[in-house]
Amino acid sequence: GSGGRGVSPSEWQGVVPNHFTGYAGGLNPDNLEESLVNINKAVGDNSIWIDAETGVRTDGKLDLKKVVKFLEISSKYVK
């Protein structure tokens, strides 16, 4: 993760064995589709979670329009 800085990594790592692994770092509605494609390549068939703390905010406040778009995009990857 980016430690709350909202910065995406240059490459997504695979899951941590025997742990429910999460992915964070700059995920937002504008880059989520591409990021999920790349995360999916790294994790294969493993179940994961994703975080969008800063990516769904505008001026520091939760932006429900961004949340809805984020959920619409990510729902295609839910098994």
Side-chain angles (χ1 to χ4, degrees):
S2 66
R5 294 183 311 273
V7 178
S8 295
S10 58
E11 182 178 328
W12 297 97
Q13 301 298 311
V15 299
V16 177
N18 302 313
H19 289 82
F20 187 42
T21 304
Y23 291 80
L27 297 175
N28 63 65
D30 294 330
N31 69 12
L32 185 60
E33 187 78 48
E34 180 181 356
S35 294
L36 286 175
V37 167
N38 292 322
I39 290 169
N40 193 49
K41 288 177 186 175
V43 303
D45 289 332
N46 292 289
S47 294
I48 60 155
W49 56 267
I50 57 175
D51 175 85
E53 179 66 27
T54 58
V56 292
R57 295 183 177 276
T58 299
D59 298 327
K61 295 182 181 178
L62 187 63
D63 184 327
L64 292 180
K65 289 180 182 180
K66 287 183 179 180
V67 171
V68 169
K69 187 173 180 186
F70 193 93
L71 291 172
E72 288 172 348
I73 294 166
S74 62
S75 69
K76 295 183 266 181
Y77 294 85
V78 176
K79 296 177 187 175

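Just so you know, these numbers use all the heavy atoms, side chains as well, and skip hydrogens, waters and symmetry mates. This structure is a prediction, so every number in the text was calculated from the model and none was measured.
- In this structure Glu53 satisfies the salt bridge (Lys or Arg N to Asp or Glu O under 4.0 Å) test together with Arg57, sequence neighbours excluded.
- For Asp30, the salt bridge (Lys or Arg N to Asp or Glu O under 4.0 Å) partners are Lys69, not counting sequence neighbours.
- By the 4.5 Å heavy-atom criterion applied to side chains, Leu32 and Ile73 are counted as neighbours.
- The closest side-chain heavy-atom distance from Ser35 to Tyr23 is not below 4.5 Å.
- By the rule that hydrophobic residues join a cluster once side-chain heavy atoms approach within less than 4.5 Å of another member, Leu62 and Ile50 end up as members of one cluster.
- With sequence neighbours left out, Lys76 forms a side-chain hydrogen bond (donor to acceptor under 3.5 Å, both in side chains) with Glu33.
- Considering only residues two or more places apart in sequence or on other chains, Ser75 meets the side-chain contact (heavy atoms from CB on, under 4.5 Å) condition with none of them.
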Got a list of side-chain donor-acceptor pairs under 3.5 Å for residues 36-49, not counting sequence neighbours?
from  : atom 1 : to    : atom 2 : distance (Å)
Asn38 : ND2    : Glu34 : O      : 3.2
Asn46 : ND2    : Val43 : O      : 2.7
Trp49 : NE1    : Phe20 : O      : 3.4

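- Considering only residues two or more places apart in sequence or on other chains, Asn28 meets the side-chain hydrogen bond (donor to acceptor under 3.5 Å, both in side chains) condition with none of them.
- For the residue pair Gly26 and Asn31, the shortest heavy atom distance occurs at O-ND2, 2.8 Å.
- Taking all atoms of both residues into account, the shortest heavy-atom contact from Lys66 to Thr58 is NZ-OG1, 3.1 Å.
- With hydrogens and angles ignored, the 3.5 Å screen pairs no side-chain donor or acceptor of Asp51 with any backbone N or O of Gly22.
- Listed by chain and residue number, His19, Thr21 satisfy the side-chain contact (heavy atoms from CB on, under 4.5 Å) test with Val16 (two or more places apart in sequence, or in another chain).
- The two residues Gly55 and Pro29 come nearest to each other via the heavy atoms O-CD, 3.3 Å.
- Of all the heavy atoms in Leu27 and Ala24, the pair that sits closest is CD1-CA, 4.3 Å.
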